[in-house]
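In what follows, a single structure is set out as structure tokens and then discussed.
Proteins come first, then strands; the chains are lettered A, B, ... in the order of their sequence lines, and each starts at number 1.
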2 protein chains.
Amino acid sequence: MILKSQVEWALHCCAILAGLPDGRYLSTKALAEFHGLPKEYLSKALQSLSQARLVDSTLGPSGGYRLSRPPAEITFLDVVEAVEGKERSFVCNNIRANNPCRPEGYCDAGPCAIARIMWDADEAWRASLRAVTLAMLVQSLEKDVPPALWRESFEWVMKRVG
Amino acid sequence: MILKSQVEWALHCCAILAGLPDGRYLSTKALAEFHGLPKEYLSKALQSLSQARLVDSTLGPSGGYRLSRPPAEITFLDVVEAVEGKERSFVCNNIRANNPCRPEGYCDAGPCAIARIMWDADEAWRASLRAVTLAMLVQSLEKDVPPALWRESFEWVMKRVG
DNA sequence: GCTTACATACTCGGATAGTGGATGTCCGAGTAGCAAAGG
DNA sequence: CCTTTGCTACTCGGACATCCACTATCCGAGTATGTAAGC
């Protein structure tokens, strides 16, 4: 049960996109260079974000991606679900139905108790991710990163926005 | 990010083992038959439980597994971690270190903000699983399952315990 | 000098191979129980 | 009838194939930019 590395990449890219001036685009190439990642493969993560309508894309020179909503309106859960999918982490195959003591054609009332508990935990995880927005992430980062590095990184990005 | 089916199997098996009289063993074969699962493969899940010291095993006829502790002292998290491992679901590869603006030999103070948030969510998930014990699971099941089926299943199992 | 048409280069998007872990199966080591033999 | 011995059958545990999903890469469709020609 390990999240794919795409999730990490997507979150870091969203952090950068969240800092862009309104309406400006940043290309996969720039994002890949900034994070030291393979451009071709990173593009798949960004495609997932695009298909989930979290980012807009534009073609041609000075094209790329931008957030489709304000950073305060995009949660970690949005990003994680865009890459990992919205399926619950626990799938119930209802193996209790194989109980040899069951009468023929017996039908269960509700979901199995084990599934309920596992789904509750899954929901706790999602709730935790839903509580954090990209805007909050940027605030955290600004506190962590030294001002000089922060400024230089911003300028590095600004030289490459479309 | 989907849990392996072994987790589901292990939990169902623990539910059965939790209902056994003290000190009695139940074999993989019986557990597999009861749940309609491949005996050979199910044994791998039970091996994981054994290696995690959640169950004891005995060889020979009338051998099998039993819980090594009272059901009230085994949590869902114990079982899930026994099968899935204790590693966090999000691994931080520290890709921020690839930032081209970084001075040479720069060293980060703490873990990256993104990892902190993801790990918080992971901890919320674990906390939710840690709050439920096998004893509580048995209580839930007893409420869900019709008394007749409950009794028959118990007798079915009792005919096979060692 | 301004407008227009065009070639270019750069972008995203989906289709295509390679690899590691989960899935599924097998056989060997070890032991508890049973049966038979002996006292 | 009771004890001892040996065998048998059943158990768990780890070693061995198979398959799917994540990883990684490539090429084609489409467009904004910059240039050059024409007015």
What is the distance, rounded to the nearest whole Å, between atom [atom1] of [X] and atom [atom2] of [N]?
X: B/Glu8; N: C/dT23; atom1: CD; atom2: P; answer: 11 Å
X: B/Lys4; N: D/dC20; atom1: NZ; atom2: P; answer: 18 Å
X: B/Leu3; N: C/dT23; atom1: CG; atom2: P; answer: 10 Å
X: B/Arg160; N: D/dC10; atom1: CZ; atom2: C1'; answer: 15 Å
X: A/Ile2; N: D/dA21; atom1: CD1; atom2: P; answer: 18 Å

Heavy-atom donor-acceptor pair, B/Asn93 side chain to B/Ile95 backbone, under 3.5 Å |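 Not confirmed, B/Asn93 side chain does not pair with B/Ile95 backbone.
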Five-pair end axes of the helix from C/dG1-D/dC39 to C/dG39-D/dC1, angle between them (10°) |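 Answer for the end axes of this duplex: 10°.
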Quick one: side chain to side chain donor-acceptor pair (under 3.5 Å) partners of [X], sequence neighbours excluded?
X: A/Arg151; result: none
X: B/Ser89; result: B/Asp122
X: B/Ser57; result: none

Looking at residues 73-90 of chain A, who's got a heavy atom less than 4.0 Å off DNA chain C?
->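 DNA chain C contact set from residues 73-90 of chain A: none.
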Short side-chain N/O contact to C/dG13 OP1/OP2 from A/Gln51, under 4.0 Å =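 For C/dG13, OP1/OP2 do not have a side-chain N/O of A/Gln51 under 4.0 Å.
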Which pair of non-hydrogen atoms, one from A/Ala10 and one from A/Val83, has the smallest distance, and what is that distance?
->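 Looking at all heavy atoms of both residues, the closest pair is CB-CG2, 3.8 Å.
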Which atoms form the tightest heavy-atom contact between A/Trp119 and A/Cys92, and what is the distance?
->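 That closest heavy-atom pairing would be CZ2-CB, 4.1 Å.
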Pairs satisfying salt bridge (Lys or Arg N to Asp or Glu O under 4.0 Å), at least one member in residues 91-119 of chain A, at least two apart =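 Qualifying pairs: A/Arg96-A/Asp108, A/Arg102-A/Asp108, A/Arg116-B/Asp144.
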Excluding sequence neighbours, so at least two apart, what forms ring-ring contact (aromatic ring centres under 6.0 Å, His included) with B/Phe34?
->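 With sequence neighbours excluded, B/Phe34 shows a ring-ring contact (aromatic ring centres under 6.0 Å, His included) to B/Trp156, given in chain and number order.
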Scan the side chains in residues 15-24 of chain B for donor-acceptor partners under 3.5 Å anywhere in the protein, sequence neighbours excluded, and list what turns up.
{"unit_1": "B/Arg24", "atom_1": "NE", "unit_2": "B/Gly162", "atom_2": "O", "d": "2.9"}

Check nucleotides 6-12 of chain C for protein N or O atoms closer than 3.5 Å to its own N or O atoms and list the pairs.
{"unit_1": "C/dT11", "atom_1": "O4'", "unit_2": "A/Gly60", "atom_2": "O", "d": "3.0"}
{"unit_1": "C/dC12", "atom_1": "OP1", "unit_2": "A/Thr28", "atom_2": "N", "d": "3.1"}
{"unit_1": "C/dC12", "atom_1": "OP1", "unit_2": "A/Thr28", "atom_2": "OG1", "d": "3.1"}
{"unit_1": "C/dC12", "atom_1": "OP2", "unit_2": "A/Thr28", "atom_2": "OG1", "d": "3.2"}
{"unit_1": "C/dC12", "atom_1": "O3'", "unit_2": "A/Ser57", "atom_2": "OG", "d": "3.4"}

Output a table of donor-acceptor pairs, distance under 3.5 Å, between side-chain atoms of residues 35-54 of chain B and any protein atom two or more places apart or on a different chain; print 'none' if there are none.
{"unit_1": "B/His35", "atom_1": "ND1", "unit_2": "B/Leu31", "atom_2": "O", "d": "3.0"}
{"unit_1": "B/Tyr41", "atom_1": "OH", "unit_2": "B/Gln6", "atom_2": "NE2", "d": "3.0"}
{"unit_1": "B/Ser43", "atom_1": "OG", "unit_2": "B/Glu40", "atom_2": "O", "d": "2.6"}
{"unit_1": "B/Ser48", "atom_1": "OG", "unit_2": "B/Lys44", "atom_2": "O", "d": "3.2"}

For A/Arg69, salt bridge (charged side-chain N to carboxylate O under 4.0 Å, His left out) partners two or more places apart =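 Result, salt bridge (charged side-chain N to carboxylate O under 4.0 Å, His left out) vs A/Arg69: none returned.
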Please check if A/Leu59 and A/Val55 belong to a single hydrophobic cluster, counting links between Ile, Leu, Val, Met, Phe, Trp and Tyr side chain heavy atoms closer than 4.5 Å.
->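 As far as the 4.5 Å side-chain criterion goes, A/Val55 and A/Leu59 are not connected within one cluster.
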Filtered N/O pairs between nucleotides 24-26 of chain D and protein, under 3.5 Å:
{"unit_1": "D/dC26", "atom_1": "N4", "unit_2": "A/Glu40", "atom_2": "OE1", "d": "3.4"}

Pairwise distance CG(B/Leu11) to CD1(A/Ile117) - rounded to 0.5 angstrom |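 It is 8.5 Å, given to the nearest 0.5 Å.
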